[in-house]
Amino acid sequence: QVQPAESGGGVVQAGDSLTLSCSVSGGTFVGYDMVAWFRPAQGKEREVIGTSTWDAGSRHYADSMRGRFTIYRNYHENRAWLHMNGLKPDDPVIYYCKRQRGSVVHWGQGTQGTVSS
């Protein structure tokens, strides 16, 4: 079964940085796949942080996320990364990775980070 697998969550202090990674259990990132990172949001299930195409690395971020979040991908490791700066105590604690290949979408189960003040 293909499923993105996030890792790297943990406890950090407010103002610290944290980097999360996403690989694909039972599969890989290839070609025109799109990788996206999401987090929970008030009033909706999840909000997008940003997306990146796998081959070209074309990245787009939600306006509210631009500047604090960066998406990377590593061909050798076949892994995508989300780097977060300046974490705040009210930042959500769970982050999700999504792989989209055409119309087929696979979600990870999320990785949890906690920001202490």
Side-chain angles (χ1 to χ4, degrees):
Q1 181 179 356
V2 174
Q3 184 171 31
E6 305 93 338
S7 62
V11 179
V12 297
Q13 298 289 321
D16 281 356
S17 299
L18 187 65
T19 301
L20 308 176
S21 73
C22 177
S23 59
V24 180
S25 174
T28 58
F29 290 115
V30 300
Y32 291 103
D33 286 352
M34 184 182 74
V35 180
W37 286 93
F38 286 76
R39 65 181 196 176
Q42 193 170 11
K44 49 187 172 180
E45 184 177 356
R46 296 171 187 172
E47 63 179 350
V48 64
I49 296 171
T51 64
S52 175
T53 57
W54 184 251
D55 244 2
S58 177
R59 293 173 289 187
H60 299 276
Y61 299 94
D63 288 342
S64 61
M65 309 293 176
R66 194 171 289 117
R68 278 211 299 144
F69 298 88
T70 306
I71 296 174
Y72 300 95
R73 78 242 190 277
N74 184 305
Y75 280 136
H76 179 69
E77 297 183 10
N78 203 250
R79 189 180 294 271
W81 304 85
L82 174 68
H83 182 71
M84 305 180 287
N85 289 318
L87 287 166
K88 306 171 185 177
D90 60 353
D91 276 321
V93 296
I94 299 178
Y95 292 81
Y96 299 92
C97 174
K98 180 184 84 171
R99 185 190 79 170
Q100 183 163 347
R101 181 173 295 175
S103 61
V104 179
V105 174
H106 291 105
W107 286 94
Q109 294 187 342
T111 186
Q112 183 167 325
T114 302
V115 183
S116 60
S117 55

Spacing of OG belonging to Ser52 relative to CZ belonging to Arg59, to within rounding of 0.5 Å: 6.5 Å
Any side-chain heavy atom of Arg46 sitting closer than 4.5 Å to one from Pro40? no
Where do Tyr61 and Thr70 come nearest, in terms of heavy atoms and distance? OH-CA, 3.4 Å
Trp81: what forms a ring pair (Phe, Tyr, Trp, His ring centres under 6.0 Å) with it, not counting sequence neighbours? none
Do Ile49 and Leu82 come within less than 4.5 Å of each other through their side chains, counting heavy atoms only? yes
Looking at every non-hydrogen atom in both residues, tell me the closest pair between Ala36 and Thr51 and how far apart they are. CB-CG2, 3.7 Å
Qualifying salt bridge (charged side-chain N to carboxylate O under 4.0 Å, His left out) pairs with a residue from residues 98-117, counting only residues at least two apart or across chains: Asp33-Arg101
Closest approach of Glu77 to Asn74 (non-hydrogen atoms, all atoms of both residues): N-OD1, 2.8 Å
Not counting sequence neighbours, which residues clear side chain to side chain contact (heavy atoms under 4.5 Å, CB included) with Ser103? List them please. none
I need the full list of ring-ring contact (aromatic ring centres under 6.0 Å, His included) pairs touching residues 3-38, with sequence neighbours left out, sorted by first then second residue. Phe29-Trp54, Phe38-Trp107
Rounded to the nearest 0.5 Å, what separates atom CG in Leu20 from atom CD1 in Ile94? 11.5 Å
Side chain to side chain contact (heavy atoms under 4.5 Å, CB included) involving Ala41 - partner list, sequence neighbours excluded: Lys44, Glu47
Restricting to pairs with a member in residues 104-117, which pass salt bridge (charged side-chain N to carboxylate O under 4.0 Å, His left out), not counting sequence neighbours? none
Ser58 side-chain N/O to Thr53 backbone N/O, donor-acceptor pair under 3.5 Å: no
Side chains of Asn78 and His76: does their closest heavy-atom pair fall under 4.5 Å? no
Between Gln109 and Gln3, is any pair of side-chain heavy atoms under 4.5 Å apart? yes
Let me have the donor-acceptor pairs involving side chains of residues 85-93, under 3.5 Å, with sequence neighbours excluded, atom names and distances please.
residue, atom, partner, partner atom, Å
Asn85, OD1, Ser17, OG, 2.8
Asn85, OD1, His83, NE2, 2.9
Asp91, OD1, Arg39, NH1, 3.0
Asp91, OD1, Arg68, NH2, 2.9
Asp91, OD2, Arg68, NH1, 2.9
Asp91, OD2, Lys88, N, 2.7

Are Met65 and Met84 connected into the same hydrophobic cluster when the rule is that any two of I, L, V, M, F, W, Y join if their side-chain heavy atoms are below 4.5 Å apart? yes
Give me each pair satisfying disulfide (SG to SG under 2.5 Å) with a member in residues 50-117, each pair once, sequence neighbours excluded. Cys22-Cys97
Besides Met34, the hydrophobic cluster formed by Ile, Leu, Val, Met, Phe, Trp and Tyr side chains linked at under 4.5 Å, directly or via other members, contains none
Does anything in residues 50-85 pair up under disulfide (SG to SG under 2.5 Å), and if so which pairs, sequence neighbours excluded? none
My understanding is that a hydrophobic cluster links ILVMFWY residues whose side chain heavy atoms are under 4.5 Å apart, including indirect links. Using that, what else belongs to the cluster containing Val11? none
By the salt bridge (charged side-chain N to carboxylate O under 4.0 Å, His left out) test, which pairs, at least two apart or in different chains, include something from residues 1-30? none
Looking at Tyr75, does the NZ or CZ of Arg73 lie under 6.0 angstrom from its six-membered ring centre and within 45 degrees of the ring axis? yes
So, Ser21 and Ser7: side-chain donor and acceptor under 3.5 Å apart, yes or no? yes
